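Fair warning: this is a prediction, and the values are worked out from it, not measured in the lab.
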Amino acid sequence: VDNTSRLANISHQIHLEAEAFIKKHPSEEASAILIREFFSDPDMADQIDQLLNKLDTELNNFYVVKDLRAYSDKAKQTMIGAKVPAFNVRNIYGKSFSEKSYANRHFIVAFTALWCDMCQTEELLLDEIATTYPEDSLGILLISLDEDSKEVRELVKNDSIKWNIVTDSAGQAIKMLDLFNIKAIPGSFLMNKEGDIILKTENGKELKKVLSESI
């Protein structure tokens, strides 16, 4: 068994122990803190709710419980099946885009950074995807953590693909990271024609597969 597997097993065991403690001690503030420490993943909103519902009502006013309920409500806004959050951003050429800009077509919101090797568009296979699907069937919006719009324009000016990129000028990318509950990059969301989230992934192969099944 390699170290990765050992760590995964240890992590799983810790989660089991934490869950057992929460169920056994529903009136303890420590139980709420364990939920926050081990189950506060935006993709685990349903589990957060289930564990919170096991706590005694006397903890409802405990600030950790209040924060967790608010966190869960926010996380549900970007779960599979939810409507894409409303946004309004300006790309590196000054053009405004919102979720309504992609009405009646599938679209991807991808979080990346040109200075991060693991976060390049190649990691999500966006280069291949962009050349496979025409713009009238699939839109791609890149949210880059790079701050200098001018520098990004220089970097992509000779690219054969005309990327629609939003940088972190005026804190746009940070706001989008928060809105979409993104904790690490790269990452992407795929929406259908109705604006429903149908995939959240950092895996380009998975993104390609779901696209091929959807368009």
Side-chain angles (χ1 to χ4, degrees), residues 41-43 74-75 77-80 82-193 195-211 214-215:
D41 185 311
D43 295 325
K74 185 172 181 293
Q77 295 173 15
T78 53
M79 291 181 70
I80 304 300
K83 285 290 181 186
V84 61
F87 63 85
N88 197 306
V89 291
R90 197 176 293 275
N91 72 8
I92 57 175
Y93 305 106
K95 185 175 179 180
S96 292
F97 283 86
S98 73
E99 77 287 353
K100 294 176 183 176
S101 305
Y102 299 97
N104 301 315
R105 55 176 168 156
H106 286 70
F107 73 98
I108 295 168
V109 175
F111 294 84
T112 182
L114 298 180
W115 42 259
C116 170
D117 289 342
M118 289 296 291
C119 307
Q120 298 283 5
T121 55
E122 292 90 343
E123 186 71 13
L124 289 168
L125 302 181
L126 293 179
D127 301 71
E128 187 177 337
I129 289 168
T131 54
T132 300
Y133 299 96
E135 282 189 38
D136 59 358
S137 65
L138 177 69
I140 301 175
L141 180 65
L142 294 182
I143 309 298
S144 173
L145 292 185
D146 299 88
E147 295 183 3
D148 191 333
S149 296
K150 183 179 179 181
E151 184 178 335
V152 173
R153 286 197 299 270
E154 279 296 311
L155 285 169
V156 301
K157 70 178 182 180
N158 295 321
D159 201 313
S160 58
I161 300 169
K162 297 197 178 302
W163 297 107
N164 187 16
I165 304 174
V166 172
T167 63
D168 199 40
S169 56
Q172 291 189 117
I174 296 300
K175 289 176 183 175
M176 289 290 281
L177 284 169
D178 180 63
L179 183 64
F180 280 81
N181 295 307
I182 289 287
K183 302 300 181 187
I185 56 173
S188 66
F189 286 83
L190 172 63
M191 274 61 66
N192 63 17
K193 292 180 180 180
D196 302 318
I197 298 172
I198 59 175
L199 179 68
K200 176 184 178 182
T201 186
E202 65 283 338
N203 187 310
K205 290 180 180 178
E206 185 178 19
L207 187 57
K208 269 184 62 181
K209 179 176 184 295
V210 174
L211 272 170
S214 304
I215 297 181

- Derivation and outcome, side chain to side chain contact (heavy atoms under 4.5 Å, CB included), residues Asp196 and Lys83: CA-CA 4 Å; Asp196 302 318; Lys83 285 290 181 186; 3.0 Å; yes
- With a cut-off of 6.0 Å (strictly less than), are more than 12 heavy atoms of other residues, nucleotides or ligands near NZ of Lys208? no
- Message: Does any part of the side chain of Asp43, heavy atoms only, come nearer than 4.5 Å to the side chain of Lys200, both counted from C-beta?
- Response: yes
- Message: Tell me whether Asn192 contacts the main-chain N or O of Ser214 through its side chain, where contact means a donor paired with an acceptor under 3.5 Å.
- Response: no
- Test side chain to side chain contact (heavy atoms under 4.5 Å, CB included) on Lys95 and Asn164 and set out the steps. CA-CA 9 Å; Lys95 185 175 179 180; Asn164 187 16; over 6 Å; no
- Message: Nearest 0.5 Å, please: how far is OH in Tyr102 from CD1 in Ile140?
- Response: 9.0 Å
- Distance-minimising heavy-atom pair for Ser96 and Ser101: O-OG, 4.5 Å
- Item | Residues Asp41, Lys183; criterion salt bridge (Lys or Arg N to Asp or Glu O under 4.0 Å); working and verdict | CA-CA 9 Å; Asp41 185 311; Lys183 302 300 181 187; over 6 Å; no
- Message: Given 3.5 Å as the limit, does a donor-acceptor pair link the side chain of Gln172 with the main chain of Arg90, or not?
- Response: yes
- Using atom types as modelled and distance alone, determine if a side-chain donor or acceptor of Glu99 lies under 3.5 Å from a backbone N or O of Phe87. yes
- Message: Quick check: do Leu177 and Leu145 have side-chain heavy atoms less than 4.5 Å from each other?
- Response: yes
- Item | Heavy-atom side-chain proximity of Ile92 to Val156 below 4.5 angstrom | yes
- Message: I'd like to know whether NZ of Lys209 has more than 12 heavy-atom contacts from other residues, nucleotides or ligands below 6.0 angstrom.
- Response: no
- Donor-acceptor pair, Asp148 side chain versus Lys150 backbone, under 3.5 Å? yes
- Message: Could you work out, with side chain to side chain donor-acceptor pair (under 3.5 Å) as the rule, every residue matching Glu151, not counting sequence neighbours?
- Response: none
- Query: Rounded to the nearest 0.5 Å, how far does CG of Leu207 lie from CG of Leu211?
  - Reply: 5.0 Å
- Message: For the backbone of Val89 and the side chain of Lys175, can you confirm whether one donor and one acceptor N or O come within less than 3.5 Å of each other?
- Response: no
- For Glu135, does its backbone N or O pair with a side-chain atom of Arg105 as donor and acceptor, under 3.5 Å? yes
- Task: Considering non-hydrogen atoms only, spot the tightest contact between Leu142 and Trp163 and give its length.
- Result: CD1-CE3, 3.7 Å
- Item | Minimum heavy-atom distance Ala75-Asn181, with the two atoms named | CA-ND2, 3.5 Å
- Note on the structure: The reported gap from CG in Leu126 to OG in Ser188 (rounded to nearest 0.5 angstrom) is 7.0 Å
- Message: For the CG atom of Leu199 and the CD1 atom of Ile80, what is their distance to the nearest 0.5 Å?
- Response: 5.5 Å
- Is there side-chain contact between Thr78 and Phe189, with at least one heavy-atom pair below 4.5 Å? yes
- Message: So which atom in His106 and which in Ile198 form the shortest heavy-atom distance, rounded to 0.1 Å?
- Response: CD2-CD1, 4.2 Å
- Gap between atom CG of Leu124 and atom CD of Glu206 - 0.5 Å precision: 11.0 Å
- Query: Which heavy atom in Ile215 sits nearest to a heavy atom in Ser137, and how many Å separate them?
  - Reply: CD1-O, 4.0 Å
- Where is the tightest heavy-atom contact between Glu202 and Pro186, given as atom of each residue plus distance? CB-O, 3.2 Å
- Which one of Asn91, Asp168, Thr167 satisfies the side-chain hydrogen bond (donor to acceptor under 3.5 Å, both in side chains) criterion with Ser149? Thr167
- Item | Spatial distance of atom OG1 (Thr201) from atom CD1 (Ile108) [nearest 0.5 Å] | 10.5 Å
